[in-house]
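Throughout, a chain's letter reflects where its sequence line sits, starting with A, and its residues are numbered from 1. This is a predicted model, so every value here is computed, not measured.
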Amino acid sequence: MNPNVREQILTIISEIPPGRVTSYGRIAAMTDGATARMVARALRDLPSGHGLPWFRVVTASRKLADHGGADEQRNRLMDEGVAFDARGRIAQDRFWP
DNA sequence: CGTTTGACGCGGC
DNA sequence: AGCCGCGCCAAAC
């Protein structure tokens, strides 16, 4: 993958404010040509110990993506005040522009 | 070099 | 309002 675009992806994620979330697709649209799948791949490839708020990235349907750390992600978000409804979805106004 | 594989998204139904 | 199928594209095989 183009390391330049990857850098953009990581930078955007690092700027998501606490208590807000954004989607894979939204992030992809802010970069120069990345797709939602590339954003997902970039997150998957993150080394442990990075400081990025990876847990603030959710799907376009306002649910958590299906991956191993989904449980931890839910806890992290709730710690920041992000509420989930009974179906595990997040309020739309929680999205970061 | 052809296929398969996903931390996804969207349009149809 | 969900489910399904297809598009997407870098990587792994």
What is the separation between atom [atom1] on [X] and atom [atom2] on [N], rounded to the nearest whole Å?
X       : N     : atom1 : atom2 : value
A/Arg62 : B/dA7 : CZ    : C1'   : 19 Å
A/Arg41 : C/dC9 : CZ    : C1'   : 9 Å
A/Phe55 : B/dA7 : CZ    : P     : 20 Å
A/Asp85 : C/dG2 : CG    : P     : 10 Å
A/His50 : B/dA7 : NE2   : C1'   : 12 Å
A/Gln73 : B/dA7 : CD    : P     : 13 Å
A/Ile9  : C/dC9 : CD1   : P     : 13 Å
A/Glu72 : B/dA7 : CD    : P     : 16 Å

- Check: A/Phe55 main-chain N/O paired with A/Gln73 side-chain donor or acceptor under 3.5 Å: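 Yes.
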
- Hey, is the main chain of A/Ile16 close enough, under 3.5 Å, to the side chain of A/Arg56 for a donor-acceptor pair?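 Pair found, side chain donor or acceptor close to backbone of A/Ile16.
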
Might you list the N or O atoms of the protein lying below 3.5 Å from N or O atoms in nucleotides 10-13 of chain B, with each pair's distance?
none

Using atom names, set out every protein N or O paired with an N or O of nucleotides 3-7 of chain C below 3.5 Å, distance rounded to 0.1 Å.
unit_1: C/dG7; atom_1: O6; unit_2: A/Arg37; atom_2: NH2; d: 3.4

If I compare all heavy atoms of [X] with all of [Y], which pair ends up nearest, and what's the gap?
X       : Y       : result
A/Ile13 : A/Ile27 : CG1-CD1, 3.8 Å
A/Asp93 : A/Arg20 : O-NH2, 3.6 Å
A/Gly19 : A/Val82 : O-CG2, 3.7 Å
A/Thr31 : A/Gln8  : CA-OE1, 3.1 Å

- Item | Interatomic distance, A/Leu43 atom CG to A/Arg41 atom CZ [nearest 0.5 angstrom] |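 Here the rounded value is 12.0 Å.
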
- Enter the distance from A/Lys63:NZ to A/Arg74:CZ here, rounded to the nearest 0.5 Å.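 It comes to 15.0 Å.
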
[X], nearest nucleotide to its side chain (from [options]):
X       : options              : value
A/Arg89 : C/dG2, C/dA10, B/dA7 : C/dG2
A/Thr59 : C/dA10, B/dG9, B/dA7 : B/dG9
A/Thr35 : C/dA11, B/dG9, C/dC9 : C/dC9
A/Arg87 : B/dA7, B/dG9, C/dG2  : C/dG2

- May I ask you to say what A/Ala65 touches in the nucleic acid, namely base, sugar-phosphate or nothing, with a heavy-atom cut-off under 4.0 Å?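 Sugar-phosphate, backbone atoms only, no base.
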
- Salt bridge or not for A/Glu72 and A/Arg76, using N-O below 4.0 Å?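 Result for this pair is yes, salt bridge flagged.
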
